[in-house]
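Following: one structure in structure tokens, then a few remarks.
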Amino acid sequence: MEPKDQPEHVLLDFDLLRKLVVGIGEVSDITGVPQRQIRYWEEKGIIVSSKDGEGGTRKYDYLNIKKILLVKELMDDGFTLDAAARKVEERMRSMSDVFAKLAGRTPRET
DNA sequence: GTTCTCACA
DNA sequence: TGTGAGAA
């Protein structure tokens, strides 16, 4: 009955996205990347995960997951870890810019 | 459930 | 580059 002309699309859950933090198990499941590989990438410094205070369990936020996803897709295109990492970081620069604008506030002082 | 190291291919 | 196993 009520034709919702309001496009409740994807670009409004950023608050949730920023708070979304999952463990390596979830990330490996959604990204399809084995946990060993995720740790491996982090070991190289390609991705950065936050650690939980009590167990040291890695926590990956939306940006981290996006990074892992991006690297996986890039490598699938024929890029290597280093090459993929470079492109991903370039893209992350745009992401942070958009995130900052959408967040309204940038808790970032360089 | 997660983490770390060592070693191998 | 990515994985195996064991151990905490």
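Chain letters run A, B, ... following the sequence lines, proteins first, then strands; residues in each count from 1.
- Atom pair A:E42:CD and C:dT1:P shows a separation of 16 Å (rounding to whole Å applied).
- Put simply, NZ on A:K87 and CG on A:L74 are 6.5 Å apart, with the number rounded to the nearest 0.5 Å.
- Rounded to an integer number of Å, the gap from A:D29 CG to B:dG1 P is 11 Å.
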Inset, instruction - Kindly indicate, with the supporting measurements, whether the criterion side chain to side chain contact (heavy atoms under 4.5 Å, CB included) is fulfilled by A:I46 and A:V88. - result: CA-CA 9 Å; A:I46 285 127; A:V88 169; over 6 Å; no

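- For the pair A:R86 and A:D82, the salt-bridge criterion is met [side-chain N within less than 4.0 Å of a carboxylate O].
- Scanning all heavy atoms of the two residues, the minimum distance from A:K51 to A:G56 falls at CE-O, 3.2 Å.
- None of A:E43, A:R36, A:K44, A:E42 except one satisfies the side chain to side chain donor-acceptor pair (under 3.5 Å) rule with A:Y40; the exception is A:K44.
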Legend entry - Summary of protein contacts for nucleotides 2-9 of chain B, nucleotide by nucleotide, where a base hit scores B, a sugar-phosphate-only hit scores S (4.0 Å, heavy atoms): SBS-----

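- Atom CD1 of A:I68 is separated from atom CD of A:E73 by 12.5 Å, given to the nearest 0.5 angstrom.
- A:T31 approaches A:K72 most closely through the heavy-atom pair O-CD, 3.3 Å.
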Inset, instruction - Could you walk me through whether A:S50 and A:V21 pass side chain to side chain contact (heavy atoms under 4.5 Å, CB included), step by step? - result: CA-CA 9 Å; A:S50 311; A:V21 181; over 6 Å; no

Could you run down the sub-3.5 Å N/O contacts of the protein with nucleotides 2-8 of chain C?
| unit_1 | atom_1 | unit_2 | atom_2 | d |
| --- | --- | --- | --- | --- |
| C:dG2 | OP1 | A:Q37 | NE2 | 3.0 |
| C:dG2 | OP2 | A:W41 | NE1 | 3.1 |
| C:dG2 | N7 | A:Y40 | OH | 3.2 |
| C:dT3 | OP2 | A:Q37 | OE1 | 3.3 |

